[in-house]
Novice: 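Let me give you the structure first, and then I'll get to my questions.
Below, chain A is the first sequence line, B the second, and so on; all start at residue 1.
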Amino acid sequence: MSDAVTLTIPHARSYYGVVHLVVGGLAARLDLSYDALDDVQVALDALLETDAYAGGPDVTVEIGLADGGLDLTVGPLEPGALARGLGRDSEESGVGLARLLETLTTGFEVERRDGGDWVRMRKSVPGVSGSGG
Amino acid sequence: MRATDKNDKELLRRYHQRGDLEARERLIEQYLPLVRSLARRYSYRGELLEDLVQVGCIGLIKAIDRFDVERGVELTTYATPNIIGEIKRYFRDKGWSVRVPRGLQELNVRLSRLMEELTVQLERSPTIAELAKAAGVEEEDVLEALETGQAYATLSLSAPSGGEEGDDLDPLESLGQLEHEYEVSEDRAVLAPGLKVLDDRERRILHLRFFDGLTQSQIAQQVGISQMHVSRLIRRALEKIRDEIAVEPEEATGNGVSPG
């Protein structure tokens, strides 16, 4: 079972804050630490800064509360553009998108939907009672 | 020296020494992504973006026209403050400024302190609920105040220190929490192109976070600054890298844009 909020925003930095607030609001329900929340926000911004959105001037962010974590999906990106970005970035920047997402999230994947690429990433809440460890 | 830089210098020479206007045109095109990236940072309304891109282009053109090829500085380094300066002037001429309600600013400063206290007390990073309780405000207020701090972080990634333009647009700098360095030194040339635009502290923090895998609160302890400051530095460093690599031509795709 999961609760989800979907936001479609103009692809402009001024709207990232709106997404941050919604992500924060959902993270608060999960009792995510500030550390973890900020990780998610930084990962999200890195994705939003990618210059390959296929959906015109808008970007869609889906934020889901699945058990024990936050699920974010961002898109639609031009098919293949992200794979290119993931490779190119790491050479150029030293801290590329792939390294960022690997460090900041519990896991991420690229999925194809309606002819566009969507990045789905997950942040699990550490130490939540349940599957101890 | 990387390919783009060499290419830039070549185009700049053609323009400055031989008055080749096509070379100037190509430079402008090449740096348009940088202008867009910077304009996006300041466009708090969607419709503002195109205006800011236009204005930013003026800054870019000025930078190209005034650039001294012999100075051993990359065009990006020189153009970025010019573009931002022009955008800020636009805001100032319009009489707009980026201001945040006083209450949120104060709450942000208070939260930074509480976050440190709670991190020590709980031996982990606090949750939003814990911060709200400690500050005696609603969770929504906490989120909004934290967001306010981040908005400052991106806005203050801007002109060189001592710049004459629109310093009023940088509330965080006026709070004295961020210093800005624009240095170009030899040793950076050996790093990945993106990393050499960072100062030593930014590079160290990125390394601790992304290569050593420390959390923000662990970095805060080790470096001796607040976690919020770590968060801002990480964002600022990543933005600098993004701006730096934004001007790279997309060689991988093999379909370079050629005019005409």
Side-chain angles (χ1 to χ4, degrees), chain A residues 9-39 41-43 45-46 48-52 57-58 78 80-81 83-85 87-104 125-127, chain B residues 33 36-37 40-49 115 119 124-132 139-140 142-144 146-148 150-151 154 191-196 203 206-207 209-211 213 215-218 227-228 231 234-235 237-239 241-242 244-246 248 250-253:
Chain A
I9 55 158
H11 189 208
R13 187 177 296 241
S14 51
Y15 286 90
Y16 299 177
V18 178
V19 182
H20 290 167
L21 287 175
V22 176
V23 171
L26 288 169
R29 275 156 224 259
L30 283 174
D31 264 345
L32 217 60
S33 68
Y34 174 71
D35 254 352
L37 171 59
D38 206 64
D39 282 351
Q41 311 274 36
V42 171
D45 284 354
L48 289 172
E49 285 295 308
T50 315
D51 235 347
D58 297 332
E78 277 165 32
R84 226 161 41 228
R88 187 179 84 115
D89 260 16
S90 43
E91 259 176 50
E92 292 288 334
S93 64
V95 186
L97 195 52
R99 157 105 24 207
L100 280 182
L101 296 182
E102 270 161 24
T103 310
L104 297 171
V125 183
Chain B
R36 293 199 79 85
S37 152
R40 197 155 55 223
R41 179 170 315 156
Y42 286 90
S43 66
Y44 54 85
R45 289 202 315 261
E47 75 235 52
L48 192 57
L49 181 64
M115 207 177 291
T119 304
R124 61 167 168 79
S125 171
T127 66
I128 301 301
E130 287 161 349
L131 283 167
E139 290 181 8
E140 283 74 15
V142 171
L143 291 169
E144 228 182 315
L146 291 174
E147 191 51 38
T148 301
Q150 298 308 347
T154 48
L191 297 162
L195 287 184
K196 74 186 166 150
R203 216 179 300 136
L206 280 198
H207 201 276
R209 182 71 193 91
F210 294 106
F211 293 91
T215 64
Q216 285 187 10
S217 32
Q218 288 165 336
Q227 185 184 345
M228 258 193 211
S231 162
I234 287 177
R235 279 160 206 260
L238 293 175
E239 300 230 321
I241 292 176
R242 280 196 282 265
E244 174 67 10
I245 64 174
E248 291 295 309
E250 291 197 22
E251 284 152 328
T253 62

Novice: Of the listed residues (B:H207, B:E130, B:Q216), which shares the most heavy-atom pairs with chain A below a 4.5 Å separation?
Specialist: B:Q216

Novice: Please report the interatomic distance CG(B:L49) to NE2(A:H11), rounded to the nearest 0.5 Å.
Specialist: 10.0 Å

Novice: CD of A:Q41 to CD1 of B:I234: how many Å apart, nearest 0.5 Å?
Specialist: 13.0 Å

Novice: Under 4.5 Å heavy-atom distance to chain B, tell me which part of A:A46 shows up: side chain, backbone, both or neither.
Specialist: both

Novice: So, does B:R242 use its side chain to make a donor-acceptor pair with the main chain of A:E49 at under 3.5 Å?
Specialist: no

Novice: Might you work through the side chain to side chain donor-acceptor pair (under 3.5 Å) test for B:Q218 and A:D35, ending with a clear yes or no?
Specialist: CA-CA 10 Å; B:Q218 288 165 336; A:D35 254 352; over 6 Å; no

Novice: Measure the CZ-OH distance between B:R40 and A:Y16 for me, rounded to the nearest 0.5 Å.
Specialist: 5.0 Å

Novice: Let me confirm one number: the OH-CG distance from A:Y34 to B:L131, rounded to the nearest 0.5 Å.
Specialist: 9.0 Å

Novice: Under a 4.0 Å N-O cut-off, is there an ion pair linking B:R235 with A:D38?
Specialist: yes

Novice: What part of B:E139 lies closer than 4.5 angstrom to a heavy atom of chain A: side chain, backbone, both or neither?
Specialist: side chain

Novice: Under 4.5 Å between any side-chain heavy atoms of B:F211 and A:R99, yes or no?
Specialist: yes

Novice: How many angstroms lie between CD1 in B:I128 and CG in A:L32, if you round to the nearest 0.5 Å?
Specialist: 8.5 Å

Novice: Only one of A:T103, A:V42, A:L100 passes side chain to side chain contact (heavy atoms under 4.5 Å, CB included) with B:R209; say which it is.
Specialist: A:T103

Novice: Relative to chain B, which segment of A:L21 carries a heavy atom at a distance below 4.5 Å: side chain, backbone, both, or neither?
Specialist: both

Novice: Quick one: pull up CE in B:M115 and OG in A:S33 and give me the separation to the nearest 0.5 Å.
Specialist: 10.0 Å

Novice: So what's closer than 4.5 Å to chain A heavy atoms on B:L143: side chain, backbone, both or neither?
Specialist: both

